[in-house]
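Every number for a ligand or one of its atoms is a count from 1 in the order of the listing.
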Amino acid sequence: MNAPRAAIRVTDVSKRFGGIVVAENVNLELRSGEILGLIGPNGAGKTTLFNLICGIHTPDSGEIWLRDQPLSRVPVYRRARLGIARTWQNIRLFPTLSVIDNLLMGPRRYPGEALLAGIFGARTRRADAQAARERAEEILARMGLSDARDKTPAELPFGQQKLAGMARTLMNDGEVLLLDEPMAGVEGQVYETIRQVVRDEASAGRAVCIVEHNVSFIRDLCTRAVFMFNGCIEQSGTMEELLASDKLAELYFGGRS
Ligand SMILES: Nc1ncnc2c1ncn2[C@@H]1O[C@H](COP(=O)(O)OP(=O)(O)O)[C@@H](O)[C@H]1O
Ligand SMILES: [Mg+2]
């Protein structure tokens with residue numbers, strides 16, 4: 001029997017910005033229930049790969065698939081609605097909105113939206129708004145952010161801003177979760193919370209990909225990792241295998257001492 005189709009498949013994707021190659025023949029599979037680590041030095045093209053998957057950039061060549069659906073003609077907002085959720089390296093909350101309103105403004109998944117809204121109209125929209133609020137409260141509680149609900153992002157310490165950014169992303173409970181450096185600048189309880197949430201999302205069957213420089217975090221959580229350099233996927237395997245690689249030691253850690 002064939003293995004189940006990956007949630008996301010990147011096939012032979014290349015992308016240039018002017019003269020800079022940011023993705024070169026990238027092939028990648030992200031499977032349901034797995035936590036895939038994406039590592040590599042700054043400028044390797046990790047965030048760009050997320051941008052290609054979620055539709056902010058279009059590949060020059062190659063294709064990205066959500067299950068059996070090619071995504072190249074699907075705009076970014078629709079990819080979100082199809083269930084591709086991502087966080088941002090620089091958080092990106094609305095500064096003048098409260099935390100809970102940030103969640104309610106976040107991209108969500110709308111299964112069957114057009115059909116239901118067409119048939120039931122305003123009543124469906126009210127029920128939907130109520131469900132969204134309940135879901136937001138639930139996520140805030142999970143993140144330990146219930147008390148921060150009515151604050152603006154600037155009123156929160158950095159770690160809580162990071163949690164709020166992730167909470168906003170979790171409003172989209174689709175199949176795919178892309179996390180861009182979720183651990184950068186956080187420690188202690190916030191670190192533990194993020195770790196637990198990532199685990200729980202994968203256990204619930206989501207396909208999770210994490211860009212992260214924190215090697216122990218990747219080793220702890222990821223079943224598989226890929227190493228990216230100059231727009232190319234240089235190597236993939238378990239984190240142990242990657243750490244044993246001389247090439248990675250050279251390109252990423254500056255050589256073995
Ligand atoms: N919108 C853009 N226009 C031009 N160059 C870009 C753009 N986004 C990223 N780059 C370039 O692409 C390369 C990869 O960047 P990025 O994907 O942010 O790397 P990483 O996330 O691995 O640090 C860098 O050289 C960066 O300067
Ligand atoms: Mg980046």
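- If you check each of I39, T47, V21 against atom 18 (O) of ligand 1, the one with the closest non-hydrogen atom is T47.
- More than 12 heavy atoms of other residues, nucleotides or ligands sit less than 6.0 Å from atom CG of D150.
- Ring pair H57/F17 is perpendicular by interplanar angle, where above 60° counts as perpendicular and below 30° as parallel.
- In terms of protein heavy atoms, atom 19 (O) of ligand 1 is closest to G45 N, 3.2 Å.
- For atom 8 (N) of ligand 1, the closest non-hydrogen atom on the protein side is F17 CE1, 3.7 Å.
- Compare I20, T48, V211 by their heavy atoms: the one nearest to atom 9 (C) of ligand 1 is in T48.
- Residue contacts with ligand 1: G231 is excluded, as none of its non-hydrogen atoms falls under 4.0 Å.
- The shortest heavy-atom distance from G43 to ligand 1 is under 4.0 Å.
- Here the angle centred on the Mg ion (ligand 2), running from OE1 of Q89 over to OG1 of T47, is 80°, rounded to 10°.
- Nearest protein heavy-atom neighbour of atom 11 (C) of ligand 1: V22 CG1, 3.8 Å.
- For the pair R9 and E63, the salt-bridge criterion is not met [side-chain N within less than 4.0 Å of a carboxylate O].
- Contact of the I56 side chain with the R86 side chain is registered, since non-hydrogen atoms from C-beta on lie closer than 4.5 Å.
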